[in-house]
2 protein chains.
Amino acid sequence: MPFIVGTPLPNPVPAEEHERCPVTAVLRRVGDKWTVLVVVLLGQRAHRFNELHRAIEDISQRMLTRTLRGLVEDGLVHREVFPTVPPSVQYSLTPLGRTLLEPLSALASWAVEHGDEIASARRPT
Amino acid sequence: MPFIVGTPLPNPVPAEEHERCPVTAVLRRVGDKWTVLVVVLLGQRAHRFNELHRAIEDISQRMLTRTLRGLVEDGLVHREVFPTVPPSVQYSLTPLGRTLLEPLSALASWAVEHGDEIASARRPT
DNA sequence: CCGTATCCATGCTGATACTG
DNA sequence: CAGTATCAGCATGGATACGG
């Protein structure tokens, strides 16, 4: 019984229901500083850890680790360790992760199209 | 030159470019605790302040104020004061705010469809 | 009715240093 | 190479009290 979709909301919206709403959960998941960028990079091709680190100029090792770990835990990213010396780890989108790209693109298109309207609303000319 | 859309990303992605990426900006905007729920409620009809307060069981007055103020500043919500006694204030979506509902629904559909996969990935059976 | 002001707990983010 | 450990700053969120 999640929100947004056509279904009418209960009134009042109970606390617990909002906590478990998958829509809010996904947005909060993806609304942090680095997740989307990492997902997009992995959507282009698989990357190794330091490859991502170099590809994102200002991310710290710590935040890259945390971001990837979160995505792996949610089943959106696949982590594969190759037992070479030195070790190498490859990250790639899972099938589930790839399905996320489409609705993300829809929101991206909106952002591209209306981003300047928001900016001009904030700083009126 | 935002991310996600078909355009290839620079390598490395410069810090400044990521800061100003409208896609990330929108997701962080909408990725807080209450914004989406408020937008959805206002998408159904205009609400007064205390109407929203009652409609969302566990939101504090402070957070409702902050959420609404942010949306108004971004031009997504319209605030209209009626000089009655006691005063009444009505909030409604602007045309820009209404256009946000559609891409949000796309992400909502994804969340509804795949939310349980994420949940089961987190707690493997 | 519609907020503000204050204080506080928690979490996100980053810098730096270190390890198998 | 691919992380972990520790510490610190700032932002987010909530509780409570007060004001126009």
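Chain letters run A, B, ... following the sequence lines, proteins first and then strands; every chain starts at 1. Basis for what follows: all heavy atoms, side chains included, without hydrogens, waters or symmetry-related copies.
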Is the side chain of [X] donor-acceptor paired with the backbone N or O of [Y] at a distance under 3.5 Å, no angle test?
{"X": "B/His18", "Y": "A/Lys33", "value": "yes"}
{"X": "B/Thr99", "Y": "B/Leu96", "value": "yes"}
{"X": "B/Ser60", "Y": "B/Met63", "value": "yes"}

Next on the checklist: For a quick check of understanding: with a heavy-atom distance under 4.0 Å over all strands, which category does B/Phe82 fall into, base, sugar-phosphate or nothing?
Outcome noted: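 Nothing, no nucleic acid heavy atom in range.
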
Checklist entry - Are any non-hydrogen side-chain atoms of A/Leu52 and A/Leu42 less than 4.5 angstrom apart? => result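 Sidechains of A/Leu42 and A/Leu52: in contact.
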
Item to check | Validation row: B/Arg48, B/Val89 side chains within 4.5 angstrom (heavy atoms) | outcome: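 SC-SC contact between B/Arg48 and B/Val89 ruled out.
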
Next on the checklist: Tell me whether the side-chain N/O atoms of A/Tyr91 come closer than 4.0 Å to OP1 or OP2 in D/dG3.
Outcome noted: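 So the side-chain polar atoms of A/Tyr91 do come within 4.0 Å of the phosphate oxygens OP1 or OP2 of D/dG3, strictly under.
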
Checklist entry - In Å, rounded to the nearest 0.5 Å, how long is the span from CG of B/Asp32 to CZ of A/Arg28? => result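 That separation rounds to 6.5 Å.
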
Checklist entry - Rounded to the nearest 0.5 Å, how far apart are CG of A/Leu71 and CZ of A/Arg66? => result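 It is 12.5 Å, given to the nearest 0.5 Å.
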
Rounding to an integer number of Å, can you tell me how far [X] [atom1] sits from [N] [atom2]?
{"X": "A/Arg29", "N": "C/dC12", "atom1": "CZ", "atom2": "C1'", "result": "13 Å"}
{"X": "B/Glu80", "N": "C/dC1", "atom1": "CD", "atom2": "C1'", "result": "16 Å"}
{"X": "B/Arg69", "N": "C/dC2", "atom1": "CZ", "atom2": "C1'", "result": "12 Å"}
{"X": "B/Arg54", "N": "C/dG3", "atom1": "CZ", "atom2": "C1'", "result": "15 Å"}
{"X": "B/Leu52", "N": "C/dC1", "atom1": "CG", "atom2": "P", "result": "13 Å"}
{"X": "B/Leu64", "N": "C/dC2", "atom1": "CG", "atom2": "P", "result": "10 Å"}
{"X": "A/Glu51", "N": "D/dC1", "atom1": "CD", "atom2": "P", "result": "11 Å"}

Checklist entry - With A/Val39, which of A/Leu101, A/Thr67, A/Leu76 fulfils side chain to side chain contact (heavy atoms under 4.5 Å, CB included)? => result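 It is A/Leu101; the other options fail the test.
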
Item to check | A/Thr65, nearest nucleotide to its side chain (from C/dC1, D/dT4, D/dC1) | outcome: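 Nearest nucleotide to the side chain: D/dT4.
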
Checklist entry - Between C/dG3, C/dC1, D/dG3, which nucleotide has the shortest distance from any of its atoms to the side chain of A/Phe49? => result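 For the A/Phe49 side chain, the nearest candidate turns out to be D/dG3.
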
Checklist entry - Could you run down nucleotides 11-20 of chain D 5' to 3' and tag each one B, S or - for protein heavy-atom contact under 4.0 Å? => result --BBB----B

Checklist entry - When A/Tyr91 is tested against each of A/Glu51, A/Arg79, A/His47 for side-chain hydrogen bond (donor to acceptor under 3.5 Å, both in side chains), which residue passes? => result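 So, applying the side-chain hydrogen bond (donor to acceptor under 3.5 Å, both in side chains) to A/Tyr91 and each of A/Glu51, A/Arg79, A/His47, only A/Arg79 qualifies.
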
Checklist entry - Can you give the dot-bracket line for DNA chain D, using ( ) for pairs inside the strand, [ ] for pairs that cross earlier ones, | for pairs with another strand and . for unpaired bases, where Watson-Crick and G-U count if both distances are under 3.5 Å? => result ||||||||||||||||||.|

